[in-house]
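Quantities reported herein were computed from a predicted structural model and do not represent experimental measurements. One is the number of the first residue; the rest follow in order along the sequence. Order of listing sets the numbers, starting from 1, for every ligand and every atom in it.
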Amino acid sequence: PSQQRPPSSYPVPASNSLQGVPVSPGIAIGVTQRFQPTLPTIPEHPTENPQSEWEAFLSGIEKARSQIQTDLATATRHTNDDTAAMFEAHLLFLDDEALRTPTYARIFNEKMNAAAAWMQTIQEVASKYRHLEDNYLRSRAKDVEDVGNLVLRTLLGVDALVPTFDHPAILIAPELTPAETTHLDPAYIQGILTAFGGPTSHASILARSLGIPAAAGLGQQILDVQDDTLLVMDGETGRVWLDPGDEIITTYTQKAKAAKAAQAQARKESQRPAITHDGHRVEVAANIRTASEAALAVDAGAESVGLFRTEFLFLDRDSAPDEQEQYEAYRTAAAGLDNRPLIIRTLDAGGDKYIPYLNLEKEANPFLGWRAIRVSLEHTDLFKTQLRAILKVAAEYPIKIMFPMITTLEEWHSAQALLDEATHEIRENGGATPDKIETGIMIEVPAAALMAAQFAEEVDFFSIGTNDLTQYTLAAERGNPKVAQLSDAYHPAILQLIHRVVKAAHTKGKWAGICGELASDPQAIPLLVGLGIDELSMSAPAIPRAKQIIRQLDYSEIRQRGQAILDLNTTEDVRAACKTLY
Ligand code: PEP
Ligand code: MG
């Protein structure tokens, strides 16, 4: 469902429904709550050093400025002029003397701390705006408060603010960052609807791993929905019904029931291997982002972890986790797997995963810039710390290492050299490391896919990251709903690259898996198996169904038919052909 899109002949939506991009399957029927973050407590203590408090305030302003500039760039790309104008207004407030002068006075004359001085000023100014006659000026109060809250967050070092829920609800937000999504409480969130974003953005991947139905790219209109509005959403199709009538509610209640029953059936058999009618086995693995998810994945039927996204250990904090903290996290994950293999991917920073303390510079095209292995090869201390932590756990458990976003053989060689150094450092200190650790690369960049034969001589395995491979091959950013239609992993170019990688791996006796979202798409699984993929790695909730599908296949048949699909010309033809595979 993750990669499923509404067919282009989808009936024109009724006036009370919205069509978004499907993100995470499932039906939710419930009331809405807009993303209204709960503010952190403002400290009350006075300051003894007004000058340093003022400097802290100015640096908070600068951090807020860079955040707003990022938001402005996103808004300019994805939304209408109003949203961009709002961020431009926010930028002006940062330099507004009507806010700065009173803050300065409170810090120096009243010895207030920066956060308290700033927030008192914000409240005072917002209240003045609220009492004005003019409608337009009155609405500026909200802007002042938004800017105020943003600066407050930077002053207090709070990376993400999340709303608290007192009853289950469907969350509505412009877009969620990975850090915000991580903090959401799945017990209260029935569904997630965002105005922007796409199916393979990291917040979307999180929604899937949490098993929360979600749709993205619903546009500005979804943000106008008031709190406590009853609605129905279907994450499999991306459709949202505002003000649903009895008929829709009844239909979707039944659909939800049927889907639950099918999922329960698949779960019953989820511990059995995935073997086709004619005896071909495919490994079904889990993608995890925290150590505690490993045990849950095993519960869902995972035979291994094909992708541990370690960056989540690094997000949303002031400094990197040290070697001991990382060692413990990786060990907890490994222990949760009961001797099943664990592939740990080294830090994938950059792109849409912003890690404040790495001081990554602002870039016009972060996905084409300083990201993943490129960052690790520059921050060698950070990288080797991670490698040492992994190696120490690998002395006790079956661990493999995987490098993200490898583009050139030189990068692979540099990463290997640093891995050797990390091994020596441990041994010099009398620590234990494995005699040999299997090491592979992610295939996410077309250059690496095209050079797969050369890489296959040296690596132990490939894991194809179709999320990035699709955006880079089709030059269509993964989080951008404007190009969501184009950024489609079913394009024949992607299939040809996948096929090329599998052939290169098998020629050298290596294996190739997929850990992008395509791996869990029920419509794609038969084709991927037919192309010879050895392993499919996905969010845990998708595993039971994936195994069920593989068990219904005939390998010799889908191999032949898979070859024929490779020759098709368009995404639409491929999707149509996939529908006939099982
Ligand atoms: C991918 O790009 O397909 C992938 C699995 O990595 P991530 O989604 O974390 O970028
Ligand atoms: Mg990737």
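Other residues, nucleotides and ligands contribute over 12 non-hydrogen atoms within 6.0 Å of the CG atom of Asp322.
Considering CD1 of Ile543 and OG of Ser270, their distance stands at 8.5 Å, rounded to 0.5 Å.
Contacts with ligand 1 closer than 4.0 Å are made by no heavy atom of Glu517, backbone or side chain. By the criterion of a heavy-atom distance under 4.0 Å, the side chain of Asp348, and not its backbone, is placed next to ligand 1. For Arg345, every heavy-atom contact with ligand 1 shorter than 4.0 Å involves the side chain, none the backbone. Contacts between Met405 and ligand 1, counted as non-hydrogen atom pairs separated by less than 4.0 Å, are absent for every part of the residue. Residue contacts with ligand 1 for Lys353 involve side-chain atoms from C-beta outward but no N, CA, C or O (heavy atoms, distance under 4.0 Å).
Atoms of ligand 1 lying under 4.0 Å from any heavy atom of Thr466, numbered from 1 in the order shown and given with element: 3 (O). Annotation for ligand 1: atoms under 4.0 Å from non-hydrogen atoms of Cys515 are 5 (C). Which parts of ligand 1 touch Arg478 is read off a 4.0 Å heavy-atom cut-off, strictly below it: atoms 2 (O), 7 (P), 8 (O), 10 (O). Residue Leu307 approaches ligand 1 through these ligand atoms, each under 4.0 Å from one of its heavy atoms: 5 (C). Below 4.0 Å from some heavy atom of Met442 lie the following atoms of ligand 1, by number and element: 4 (C), 5 (C), 6 (O). Heavy-atom contacts of Arg371 reach the following atoms of ligand 1: 10 (O) (cutoff under 4.0 Å). If you number the atoms of ligand 1 from 1 as listed, the ones under 4.0 Å from a heavy atom of Arg309 come out as 4 (C), 5 (C), 6 (O), 7 (P), 8 (O), 9 (O).
Across Ile565, Val529, Leu527, a single residue satisfies side-chain contact (heavy atoms from CB on, under 4.5 Å) together with Ile558, and that is Val529. Paired with Val305 under the rule side-chain contact (heavy atoms from CB on, under 4.5 Å), one option of Ile343, Leu337, Asn287 passes, and it is Leu337.
Pairs engaging residues 323-333 under the salt bridge (charged side-chain N to carboxylate O under 4.0 Å, His left out) rule: Arg317-Glu325, Glu323-Arg388, Glu323-Lys392, Arg331-Glu396 [sequence neighbours left out].
Applying the salt bridge (Lys or Arg N to Asp or Glu O under 4.0 Å) test to Glu411 and every residue at least two apart in sequence or in another chain returns nothing.
Side-chain atoms of Trp412 and Glu458 form a donor-acceptor pair, as typed in the model, at a separation below 3.5 Å. At a cut-off of 3.5 Å, with distance as the only test, a side-chain donor of Glu283 or Ser304 sits close to an acceptor on the other residue.
Take the N/O/S atoms of Asp468: the one nearest the Mg ion (ligand 2) is OD2.
Ligand 1 has no nitrogen or oxygen under 3.5 angstrom from a nitrogen or oxygen of Glu311.
Put simply, the side chain of Leu218 does not reach to within 4.5 Å of the side chain of Thr194, judged on heavy atoms. Counting heavy atoms from C-beta on, the side chains of Glu477 and Lys482 never come closer than 4.5 Å.
For the pair Met538 and ligand 1, no heavy-atom separation below 4.0 Å is found.
For Glu444, the nearest N, O or S atom to the Mg ion (ligand 2) falls under 2.8 Å.
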